[in-house]
Student: 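Quick one: this structure, given as structure tokens, is what I'll be asking you about.
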Amino acid sequence: MPTYRIIEGSQVSQSIIEAEDVSVTFGSGANKVEAVKNVSLTLAAGEPLGIVGESGSGKSTLARVLAGLQPPTSGQVLFNGEPVYRGNRSYIGEARRQVQMVFQDPYASLNPQLTALSAVAEAVRIHNKCDKKEAESKALELLRRMGIAQLDAIKKPRQLSGGQRQRASVARALSANPSVLLADEPTSAIDQSAQAQLLNLFRGLLNQGLAIVLVSHDLGVIRYLTKRVYVMKDGVFVESGNTEEIFNNPHEDYTKELLASIPGALGVAARRRRSA
């Protein structure tokens with residue numbers, strides 16, 4: 001099992017999700033790709049957790065494993081102490097609605113043929129077993145909480161801005177009233193104004209007790225939202241712990257390089273540390 005730096009006192013005591021020695025391998029022989037290699041992590045209830053790394057580091061594959069969308073080749077994932085994967089099924093029964101995922105591309109969760117309202121109402125009906133009128137009422141309220149007015153709620157995804165589409169996909173995920181939200185690069189395809197709206201929305205959800213796993217290559221986003229972070233490179237964690245401590249005192253060269261690439265004051269400070 002690979003070793004990585006863990007900052008003292010950063011471990012959570014009670015976990016809602018645990019990944020234990022998870023590996024994911026695609027292909028075989030000369031085409032074999034080890035996307036994730038024996039990684040372990042913990043997520044506490046209501047915790048904002050970050051997984052950061054460059055494109056191709058394995059972080060999105062790991063997020064799909066945690067979400068129950070990609071079975072691990074080896075190792076296991078536990079949700080409230082119970083195995084997530086059982087044969088070819090994952091998050092069986094009540095656990096299925098407890099963990100929801102928001103993708104980088106909202107089209108992955110929004111049917112382009114449905115209005116935002118219909119897409120969210122459909123999810124409300126599935127998770128809450130209510131009639132069409134009640135589902136639409138609840139969907140409108142969810143969309144309103146996401147900052148989407150009724151006039152925009154009756155539009156199809158292609159008629160909405162990127163930020164609106166992303167917030168509509170969050171509303172759809174929240175229709176299940178989950179305990180955990182996995183967000184895979186949710187800000188990378190939207191402009192800075194929409195990013196700020198979405199991150200403030202996530203902060204509000206955290207204040208309501210939702211645990212959020214934020215997967216991103218954007219360290220500024222990770223620093224803004226999370227309190228604990230795992231730094232991933234080539235399928236393994238090279239560093240983990242308190243977000244501010246790692247940002248202010250990184251030990252691994254890879255983490256230092258990531259920080260030095262950030263525009264603005266944070267990147268300037270990181271570059272000064274590297275050259276000192």
Side-chain angles (χ1 to χ4, degrees), residues 16 45-46 48 60 63-64 66-69 79 90-191 193-216 221 225:
I16 187 169
S60 290
R64 292 178 62 84
L66 299 178
L69 301 175
F79 177 73
S90 63
Y91 287 109
I92 297 171
E94 172 65 11
R96 167 38 52 201
R97 72 169 186 83
Q98 292 287 331
V99 180
Q100 297 291 314
M101 189 162 184
V102 176
F103 299 90
Q104 175 180 346
D105 181 1
Y107 283 110
S109 55
L110 295 176
N111 186 330
Q113 301 306 315
L114 298 179
T115 65
L117 175 59
S118 295
V120 177
E122 177 185 61
V124 170
R125 291 184 71 182
I126 291 171
H127 294 298
N128 297 276
K129 295 180 172 57
C130 55
D131 61 31
K132 182 177 180 180
K133 185 176 180 180
E134 184 180 356
E136 287 190 351
S137 177
K138 289 183 177 180
L140 273 174
E141 175 58 21
L142 276 169
L143 289 165
R144 185 194 65 76
R145 285 175 56 198
M146 301 301 108
I148 297 176
Q150 185 169 351
L151 184 63
D152 291 319
I154 59 175
K155 296 178 181 178
K156 292 184 178 179
R158 67 177 179 273
Q159 298 172 300
L160 301 173
S161 70
Q164 287 175 319
R165 285 195 294 268
Q166 193 60 284
R167 283 181 277 129
S169 69
V170 173
R172 182 173 168 84
L174 294 180
S175 68
N177 193 27
S179 301
V180 177
L181 188 68
L182 288 144
D184 184 14
E185 298 280 10
T187 63
S188 63
I190 56 180
D191 61 34
S193 175
Q195 285 183 23
Q197 288 179 317
L198 186 63
L199 291 174
N200 286 332
L201 169 63
F202 282 165
R203 277 210 161 172
L205 295 172
L206 287 165
N207 291 335
Q208 296 171 30
L210 183 68
I212 296 178
V213 179
L214 180 62
V215 180
S216 181
V221 167
L225 193 71

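Numbering of residues begins at 1 and proceeds along the displayed sequence.
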Student: Not counting sequence neighbours, which residues clear side-chain hydrogen bond (donor to acceptor under 3.5 Å, both in side chains) with S169? List them please.
Tutor: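 Here the qualifying residues are Q166.
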Student: Within a strict 4.5 Å, meaning less than it, do heavy atoms of the K138 and H127 side chains meet?
Tutor: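 No, their side chains stay 4.5 Å or more apart.
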Student: Would you mind checking if R144 and E141 are paired as a salt bridge, meaning a charged N to carboxylate O distance below 4.0 Å?
Tutor: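 Looking at E141 and R144, the cut-off is met.
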Student: How many angstroms lie between CG in L117 and CG in L142, if you round to the nearest 0.5 Å?
Tutor: 10.5 Å
Student: Side chain to side chain contact (heavy atoms under 4.5 Å, CB included) between Q195 and S188: does it pass, once the steps are laid out?
Tutor: CA-CA 8 Å; Q195 285 183 23; S188 63; over 6 Å; no
Student: Are N128 and E134 close enough that some pair of their side-chain heavy atoms sits under 4.5 Å apart?
Tutor: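 Counting from C-beta outward, N128 and E134 never come under 4.5 Å.
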Student: Between E136 and K133, does any side-chain N to carboxylate O distance fall below 4.0 Å?
Tutor: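 No salt bridge links E136 with K133.
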Student: Could you walk me through whether L181 and Q100 pass side chain to side chain contact (heavy atoms under 4.5 Å, CB included), step by step?
Tutor: CA-CA 5 Å; L181 188 68; Q100 297 291 314; 4.2 Å; yes
Student: Could you state the interatomic distance from CD1 (I148) to CG (L140), rounded to the nearest 0.5 Å?
Tutor: 10.5 Å
Student: With rounding to the nearest 0.5 angstrom, report the OG to CZ distance, S118 to R125.
Tutor: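 Between S118 OG and R125 CZ, I get 10.5 Å after rounding to 0.5 Å.
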Student: Minimum heavy-atom separation for M101 to A63, with atom names?
Tutor: CE-CB, 3.9 Å
Student: Can you tell me how far the CD atom of Q164 sits from the CG atom of L143, to the nearest 0.5 Å?
Tutor: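 These two atoms lie 10.5 Å from each other.
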Student: Looking at side-chain heavy atoms only, is the closest gap between R172 and E122 below 4.5 Å?
Tutor: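 Side chain of R172 against side chain of E122, heavy atoms only: contact under 4.5 Å found.
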Student: Between S175 and V124, which heavy-atom pair has the shortest distance, and what is it?
Tutor: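 Looking at all heavy atoms of both residues, the closest pair is CB-CG2, 3.7 Å.
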Student: Identify the two heavy atoms, one from S179 and one from I16, that lie closest to each other, and give their separation to 0.1 Å.
Tutor: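 Result for this residue pair: CB-CD1, 3.7 Å.
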Student: Minimum heavy-atom separation for A139 and A121, please, with both atom names.
Tutor: CB-N, 3.5 Å
Student: Rounded to the nearest 0.5 Å, what separates atom CG in L66 from atom OH in Y91?
Tutor: 6.5 Å
Student: Which atom pair, heavy atoms only, marks the closest approach of D152 to K155?
Tutor: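 Smallest interatomic distance, heavy atoms only, reads OD1-NZ, 2.9 Å.
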Student: Out of curiosity, M146 CE to R167 CZ, how far, rounded to the nearest 0.5 Å?
Tutor: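 M146 atom CE to R167 atom CZ measures 9.5 Å (nearest 0.5 Å).
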Student: Show every donor-acceptor pair shorter than 3.5 Å between a side-chain atom in residues 199-216 and any protein atom, with sequence neighbours excluded, or say none if there are none.
Tutor:
residue: N200; atom: OD1; partner: Y224; partner atom: OH; Å: 2.5
residue: N200; atom: ND2; partner: A196; partner atom: O; Å: 3.2
residue: R203; atom: NH2; partner: Y224; partner atom: O; Å: 2.7
residue: N207; atom: ND2; partner: R203; partner atom: O; Å: 3.4
residue: Q208; atom: OE1; partner: R145; partner atom: NH2; Å: 3.2
residue: S216; atom: OG; partner: D218; partner atom: N; Å: 2.8

Student: Taking all non-hydrogen atoms of both residues into account, name the closest pair between A67 and V99 and its distance.
Tutor: CA-CG1, 4.3 Å
